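These notes concern the structure reproduced below.
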Amino acid sequence: MKEKKSEAPRRGNEELFKWDGNPTFGQILPLAAQHVLAAVVGCVTPAILVANAANNAGGNVNMGLLIQMSLVFAALSTFLQLYGNKIHLGSGLPVIIGVSFAYVPTMTAIAAQAQDVNTIFGAMIVGGIVAIIVGLTIKQIRKVFPPLVIGTVIFAIGLSLYKTAINANTHEVIVEQRGQTAALVYGSWQNWLVSLVTLAIVIGLNHYGKGLFKLASILIGLVCGYVLALCFGMVDFSAVVNASWFALPKPMHFGITFEPSSCVAIGVLFAINSIQAIGDFSATTTGGMDRMPTDEELSGGIIGYGVSNIVCAFFSGLPTATYSQNVGIVS
């Protein structure tokens with residue numbers, strides 16, 4: 001009898017759960033896409049809301065540039081968190097950084113009052129300095145912020161975003177209908193149907209899916225929701241068709257203005273988001289590595305958060321923070 005050739009062992013999904021694992025490209029791609037799709041809407045929407053607030057008050061803010069810079073610097077800030085720990089400007093942990101909804105109510109109020117966004121960028125520089133101070137003193141601060149306190153802060157931030165989530169589900173982003181399909185009318189049944197179908201698919205796969213179907217539940221839910229939105233004529237590609245293929249960042253395109261009340265308001269939010277970052281870093285290490293983050297990881301992560309926002313302000317990107325939804329995906 002001929003001896004059977006031994007087959008090379010196939011790498012299973014267990015490689016995805018090792019810190020130094022080497023998963024295949026086929027395993028990486030859907031999970032990477034899931035991270036991007038979970039974060040990209042959160043990065044784009046605040047820029048739309050802030051630009052609309054300024055323009056509706058009589059300003060002339062370039063929404064496309066604001067969106068572009070928000071995405072570019074969300075990506076660069078994420079790279080800094082992943083690889084900047086060698087120079088103490090990042091946590092070295094698998095966290096995603098994006099434009100935070102926690103700033104949206106304050107930013108829209110500032111933009112409407114100033115009819116511009118330059119005051120936001122001045123306040124961001126002050127907020128970045130506040131975050132750096134928190135990062136430098138994290139060893140002392142950490143003692144007075146046990147997990148219960150940090151969890152309460154994150155919970156409160158989540159509750160404050162319910163209004164934004166509901167309005168997004170009902171399509172508040174569309175300000176003028178301009179003859180568009182009835183599916184885009186605020187509060188239409190099509191909007192609610194797309195939202196509920198997407199939510200049902202994500203929850204169903206999270207609880208009952210197996211393997212990559214469970215791990216990529218958010219990606220699958222987003223794709224299904226997008227296809228359903230296409231069927232209702234809710235997707236408009238005109239802006240994509242008319243946009244240029246490539247554009248370089250423009251330093252200080254909107255300018256920078258320091259206004260005391262705005263600096264205080266945004267500075268306080270940066271301090272609060274620094275505490276949220278402690279929770280997100282802790283959830284990442286607890287869910288993905290079964291340990292709490294070290295003082296060095298927290299310090300580098302929060303200092304990197306402050307530095308990246310200061311640089312971001314000079315290139316007209318909106319304030320960023322750790323993304324809790326991506327922490328959930330990592331866990």
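Treat the numbers as computed from the prediction; the structure is a model and nothing was measured.
Here the side chain of N309 pairs a donor or acceptor atom with the backbone of T320 at under 3.5 angstrom. Judged by distance alone, with hydrogens and angles left aside, the side-chain atoms of S262 form no donor-acceptor pair with the main-chain N or O of F258 at under 3.5 Å. When atom types are taken as modelled, the side chain of S299 and the backbone of D295 share no donor-acceptor pair closer than 3.5 angstrom. For Q81 (side chain) and G304 (main-chain N/O), no donor-acceptor pair under 3.5 Å exists by modelled atom type.
The cluster map of Ile, Leu, Val, Met, Phe, Trp and Tyr, joined by side-chain heavy atoms under 4.5 Å apart, puts V44 and V36 in different clusters. Tracing side-chain contacts under 4.5 Å through hydrophobic residues (I, L, V, M, F, W, Y), one reaches M252 starting from I266; they form part of the same cluster. Linking Ile, Leu, Val, Met, Phe, Trp and Tyr residues whenever their side-chain heavy atoms come within less than 4.5 Å leaves I87 and F79 in two separate clusters. A continuous path of hydrophobic side-chain contacts links V72 to L80 [ILVMFWY only; heavy atoms under 4.5 Å].
No more than 12 heavy atoms of other residues, nucleotides or ligands lie within 6.0 Å of OH in Y83, so this atom counts as exposed by the packing criterion. The 12-atom threshold is exceeded at CD of Q115, counting heavy atoms of other residues, nucleotides or ligands nearer than 6.0 Å.
Remark: Y323 pairs with no residue by the ring pair (Phe, Tyr, Trp, His ring centres under 6.0 Å) rule, at least two apart or across chains. In this structure, the salt bridge (Lys or Arg N to Asp or Glu O under 4.0 Å) partners of E297, at least two apart in sequence or on a different chain, are R291.
For the residue pair S91 / N85, no side-chain donor-acceptor distance below 3.5 Å is found, with atom types taken as modelled.
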message = Checking V95 against F281 for the side chain to side chain contact (heavy atoms under 4.5 Å, CB included) test, could you report, in this order, the C-alpha distance in whole Å, the side-chain angles of both residues, the deciding distance, and whether it holds?
response = CA-CA 8 Å; V95 294; F281 290 138; 3.8 Å; yes
query = Can you check side chain to side chain contact (heavy atoms under 4.5 Å, CB included) on I97 and T322, steps first, answer last?
reply = CA-CA 5 Å; I97 305 295; T322 51; 3.7 Å; yes
task = Test M234 against N191 for side chain to side chain contact (heavy atoms under 4.5 Å, CB included), laying out the working first.
result = CA-CA 9 Å; M234 299 168 69; N191 285 319; 2.8 Å; yes
key: Derivation and outcome, side chain to side chain contact (heavy atoms under 4.5 Å, CB included), residues S316 and F121   = CA-CA 7 Å; S316 307; F121 301 133; 4.0 Å; yes
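Put simply, the side chain of Y226 does not reach to within 4.5 Å of the side chain of V223, judged on heavy atoms. Taking the side chain as every heavy atom from C-beta outward, L65 and F254 approach each other to under 4.5 Å. When side chains are defined from C-beta on, L49 does not count as touching M107, because their heavy atoms never get closer than 4.5 Å.
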